[in-house]
2 protein chains.
Amino acid sequence: MSLVEGKVQVMSLRHAVLGLLSESPASGYDLMKLFNASLTSVWPATQSQVYGELNKLTTAGLVEVAAHGPRGRKEYAITDDGLAELRHWLTEIAPTGPQRHDGLLRVFFLGILTPLEAQSYLLTQAETAARAHTAYEQIDRTAEWDDEMISVYGRIALEYGLRMTTTMEEWARWAADEVTSAKARKAGELARAQRGRERPEQDEQPAGERPSGD
Amino acid sequence: MSLVEGKVQVMSLRHAVLGLLSESPASGYDLMKLFNASLTSVWPATQSQVYGELNKLTTAGLVEVAAHGPRGRKEYAITDDGLAELRHWLTEIAPTGPQRHDGLLRVFFLGILTPLEAQSYLLTQAETAARAHTAYEQIDRTAEWDDEMISVYGRIALEYGLRMTTTMEEWARWAADEVTSAKARKAGELARAQRGRERPEQDEQPAGERPSGD
DNA sequence: CTTCGACATGTCAAAGTTGGAATGTCGCTG
DNA sequence: CAGCGACATTCCAACTTTGACATGTCGAAG
């Protein structure tokens, strides 16, 4: 009926809500708990966003109020149109990779710090990753993988977290090491340069190894 | 009562600009090229954002117009205050981890698709990661690691990309496999259940009705 | 029966982000 | 010298995100 056209936007908040409602009907309040419980690290949302989105989705006919409860509670359920939209999003819209990585952005500018400060930053990153990893392990142990569908894909998403935090920690430790090596190299160069002032001539650079383009 | 004092905001765009200017003076146009070249995958920015931020930074005294060029070109340079702010951000503000992972969000809802569709999604993710990895390798080969400082930290950031894409691809392939296993398990259960009623049949299509009427 | 915490929804301002349009200059090439 | 492409800036409208504030109801404990 009402095909909304012209919109090619991502709008994943909308799909996160639809996705949660595809598993079971819920109120805005319930959804907030779900967002804070399972989607915090994947797609954070605030109350105002969730309630606002529910109203928009209702207007668009993608969800409907299935039941009214005690405190003005409105229990929403996904409609056929909503399910179709969710399927469409899952199968036909290419996902955008993770973007805006605050922690990595800093790495580009670590050069203005001393090597020691830079190392400290990287090691803190390693520790943060390690703690996140532990938290995921905790969830893994505590979670009740009862529902078959949720079980499989919930487990898969969790595994993503486990693997990424591991890689992150390893990378950060490796990077901290790199900084040490670079510092050592630089110290060596300085020593050579110093020697060079007394004996100027021998260049330590092996000629012909520098980038001559591609 | 409510005196608004002090901002605890993240504002990494600001720091991205400051960081780039800490390496060398540049115009808004130059910065745009840098954003598109090296920071695309870490902190994307549009023209309007960069030019707007430059004006705000100038007002705040964190950068200054160091020179005027041909086409109304304004070459900005970071000030001492700007450098201090950048250091402050690097050393004292805790980074926020990567958030809003579109691709992973979908994984949570893959249950509404058929196992085959879900697998297809995961394998596409694997390929995307592999392509990204190749792209990073390409950069690694082509990049001119001339400046010592940029060299070290640029290389470290690149390594992050290389490792993360590898992990991502491995995870996605593993996940696709998991789905196969789960399907097999489920098929087994179904067969057992069916044997109770009737003779077992080669179940290949789990009777998923596709939503007609689109 | 009063109070309190959990339940439940709604509204708002400010900041950040997106994508595009409008405007104009310089420098090279035909 | 006309035209074009790269250089260069500014402004804007729409949308998303954040965080706080406002309002009110139900149920159980004291």
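Side-chain atoms are counted along with the backbone in the values below, which use heavy atoms only and exclude waters and symmetry mates. Chain A is the first sequence line, chain B the second, and so forth, proteins listed ahead of strands; every chain is numbered from 1.
For the residue pair Thr180(B)/Asp177(B), the side-chain donor-acceptor check at 3.5 Å is not satisfied. Side-chain contact check for Glu127(A) and Thr124(A): no donor-acceptor pair (N or O, by modelled atom type) lies under 3.5 Å. A donor-acceptor pair shorter than 3.5 Å cannot be found between the side chains of Thr58(A) and Asn55(A).
Comparing dT16(D), dA8(C), dG27(C) by their nearest atom to the side chain of Arg71(A) picks out dA8(C). Candidate nucleotides dG10(C), dA20(D), dT17(C) were compared by shortest atom distance to the side chain of Ser48(A), and dA20(D) ranks first.
At the heavy-atom level, Thr46(B) lies under 4.0 Å from base atoms of the strands shown.
Of the two residues near DNA chain D, Lys33(B) and Gln47(A), the one whose nearest nucleotide lies more 5' is Lys33(B). If Gln99(B) and Tyr76(B) are placed on DNA chain D by their nearest nucleotide, the residue sitting closer to the 5' end is Tyr76(B).
OP1 and OP2 of dG10(C) both lie 4.0 Å or more from every side-chain N or O belonging to Arg73(A). Residue Tyr29(A) places at least one side-chain N or O closer than 4.0 Å to OP1 or OP2 of dC7(C). For dC7(C), the OP1/OP2 oxygens have no side-chain nitrogen or oxygen of Lys74(A) closer than 4.0 Å.
Taking atom CG on Asn36(A) and atom C1' on dT18(D), their separation rounds to 14 Å, with Å as the unit. The distance between atom CD of Gln49(A) and atom C1' of dT17(C), rounded to the nearest whole Å, is 13 Å. Between the P atom of dT17(D) and the CE atom of Met32(A) lies a distance of 14 Å, rounded to the nearest Å. The CG-C1' distance, from Leu31(A) to dT9(C), rounds to 13 Å in whole Å. Atom-to-atom, CG of Leu57(B) to P of dG16(C) comes out at 12 Å; the value is rounded to the nearest Å. Going from atom OH of Tyr51(B) over to atom P of dG20(C) covers 17 Å, rounded to whole Å. When rounded to the nearest whole Å, the span between CG of Leu54(B) and P of dC11(D) equals 13 Å. Following rounding to the nearest Å, Arg100(B) (CZ) and dG16(C) (C1') show an atom-to-atom distance of 12 Å.
Seen from the ring of Trp174(B), Arg163(A) counts as a face-on cation partner, given the 6.0 Å and 45° thresholds.
In summary, Asp102(A) and Arg106(A) engage in a salt bridge, as defined by a charged side-chain N under 4.0 Å from a carboxylate O.
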